[in-house]
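Basis for what follows: all heavy atoms, side chains included, without hydrogens, waters or symmetry-related copies.
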Amino acid sequence: MSLQRMLKLHYVLVLVLCVSASEDFDWTKNERGSFYYGTFPTGFSWGAGGSAYQTEGAWDKDGKGMSIWDVFAHKKGKIFLNDTADHSCEGYYKFKDDITLMKDMKFNHYRFSISWPRIFPNGIKADHINEKGIKYYDDLINMLLDNNITPIVTLYHWDLPQVLQEKYGGWQNVSMVNYFNDFANLCFERFGDRVKYWITFNNPWSSAVEGYETGEHAPGLKLRGTGAYKAAHHIIKAHAKVWHTYDTQWRSKQKGLVGISLLADWGEPVDITNQRDIEAAERYVQFYMGWFATPIFNGDYPQVMKDYIGRKSAQQGLGTSRLPVFSSQEKSYIKGTCDFLGIGHFTTRYITQKNYPSGRGNSYFTDRDLVELVDPRWPDPGSEWLYSVPWGFRRLLNFVKTQYGNPMIYVTENGVSEKVQRCTDLCDDWRMQYFKDYINEMLKALKDGVNVKGYTAWSLLDKFEWDEGFSERFGLFYVDFLNKNKPRYPKASVQYYKRIISSNGFPNQREVESWKRKATETCSSSNQLLAADPLTSHMEMVTEIVVPTVCTLCILLAAVFLMFLLRGRF
């Protein structure tokens, strides 16, 4: 057989394999079976997470530089109620207390991020290395390990040094690739002897779309139709460079793994018998998770993204696509740069086809030609975008299995919020139900053969929720942000999740049904502790919309009423 013919045959086989991989997922089959009682494999890792900007506080202490979020949050009108994370949970000072909470819950791992500007205040290694920042993370890592908790460390959770944004335009500039690599390399050098699980980027979709397309997140740019694609292009290159740096310089000595964490909501066809709906749903997932996962696993952007953005760019009279292009050398360099895939998942949407004429302007959202819908019957206890749709989680995990060759998966974020405009107590029955249902769907996915190795509840603490400020709470532990000491109070979900961990799943119906009742009993005493906080700790912000309990609300109303009486009297 001639070499030319052999190469042609090999090319055909590769094509067939690629097509088969993308068609393995059955969009027409959605099993929504009953609750499955069973346990996870031995060694399955349980934990929770948080991020530097959301939890640390100490925004200008011990030599830390400014991040894009420090600057963004200080601009009036950018954050709900003009909140900032200047102090937040004060995790910088209270990490020892927080590790005690984790130890009590029997966590196997804790996921946190390293603040780039806390290590390089000006973003660049050559300028200055902040040894006080290094010491903080050294102490955090060491104490975790002393308590048999594995650190899973994220290198970039959105807090780009402000200097790099001002000087170079942040992720719009390809120079970020080398600057980020320098930061990551220093982290490998200083912490890699103890850290064995590294995540390069957390949810780069949000960094790109909300940071450079809609402007809802820092740095707040509205470069519609181009900004998100350009930022993502550089982030993918940066991820690949950091993976190769670890692979060539550190892996043989440190024996760690490097992955990425991608947020992935599931998109379900409105009508699973309608081919146009199926194609729209797949497009939704590819424009979301596939935008980053497909280059990392296969070397290039999803074909559907290239087709749709290219066609719309041509219709708009542009000479080239608004979606940047990887060179053949870059494709080879990027492909396979993932030791494990982190999946952040919260909710699901129904998807149907909708054509957006190119004349309506450039936009990531209109490029997709689809519309997102929700079922009004889906529970929505907190964030306006977060509906509880457990079966979507299993669908997503199976899609990843078939699309990317069943990679090793760590669930890096999964949880539910509550809006604090409601008078909130600590008996968070909706969160217990969410964890029960979503973790059970993950267990079913393992039964399906999906290679999930660990689960990270989001999040350990209530914390700063980006443009929503402190108006939404994801924590297992309630944080009293009005108290300068930021005390933590366990919600009922702490006991519930603790029982899932100790049982390594859901052993039997009788035992599982008792968990919620027992967890609710414990939260009543926590409510009393919370209500008994000294009134003075709340006096600085008596106009806050929400207070922790009805009891505290009564105290505050009485105090305000008394102030009015006294003012009228004198």
Given the rule in the ring pair (Phe, Tyr, Trp, His ring centres under 6.0 Å) test, do Y410 and Y455 qualify, once you have shown the distances and angles that lead to the verdict?
CA-CA 6 Å; Y410 281 84; Y455 175 85; over 10 Å; no

Hey, would you say the Y53 and F464 ring centroids sit under 6.0 Å apart?
yes

In chain order, what residues pass the side chain to side chain donor-acceptor pair (under 3.5 Å) check against Y308, with sequence neighbours excluded?
R283

Between R194 and N142: side-chain donor-acceptor atoms closer than 3.5 Å
yes

Scan side-chain atoms only and decide if S206 and N203 contain a donor-acceptor pair under the 3.5 Å cut-off.
yes

If you take all heavy atoms of Y333 and H244, which pair is closest and at what distance?
O-NE2, 2.6 Å

Is the Y156-W171 ring centre distance short of 6.0 angstrom?
yes

Please determine if K125 and D182 form a salt bridge, counting it only when a charged side-chain N lies under 4.0 Å from a carboxylate O.
no

W243-D339 side chain donor-acceptor pair, cut-off 3.5 Å
yes

Without hydrogens or angle criteria, can the side chains of N122 and H128 be said to hold a donor-acceptor pair below 3.5 Å?
no

Between N414 and Y434, do the side chains contain an N or O donor and an N or O acceptor separated by less than 3.5 Å?
yes

Considering non-hydrogen atoms only, spot the tightest contact between G123 and Y179 and give its length.
O-CB, 4.4 Å

Does a donor on one side chain sit under 3.5 Å from an acceptor on the other, for H239 and T200?
yes

Scan side-chain atoms only and decide if T245 and N181 contain a donor-acceptor pair under the 3.5 Å cut-off.
yes

With side chains defined as the heavy atoms from C-beta onward, is the minimum distance between Y136 and D62 less than 4.5 Å?
no

Exercise: do Q54 and S51 side chains pair donor with acceptor under 3.5 Å:
yes

Classify the angle between the aromatic ring planes of F112 and Y137 as parallel (below 30°), tilted (30 to 60°) or perpendicular (above 60°).
parallel

Aromatic ring proximity Y301/F326, centre distance under 6.0 Å:
yes

Would you say the side-chain atoms of R190 and N185 include a donor-acceptor pair closer than 3.5 Å?
no

Side chains of Q329 and S327: do they bring a donor and an acceptor to under 3.5 Å?
no

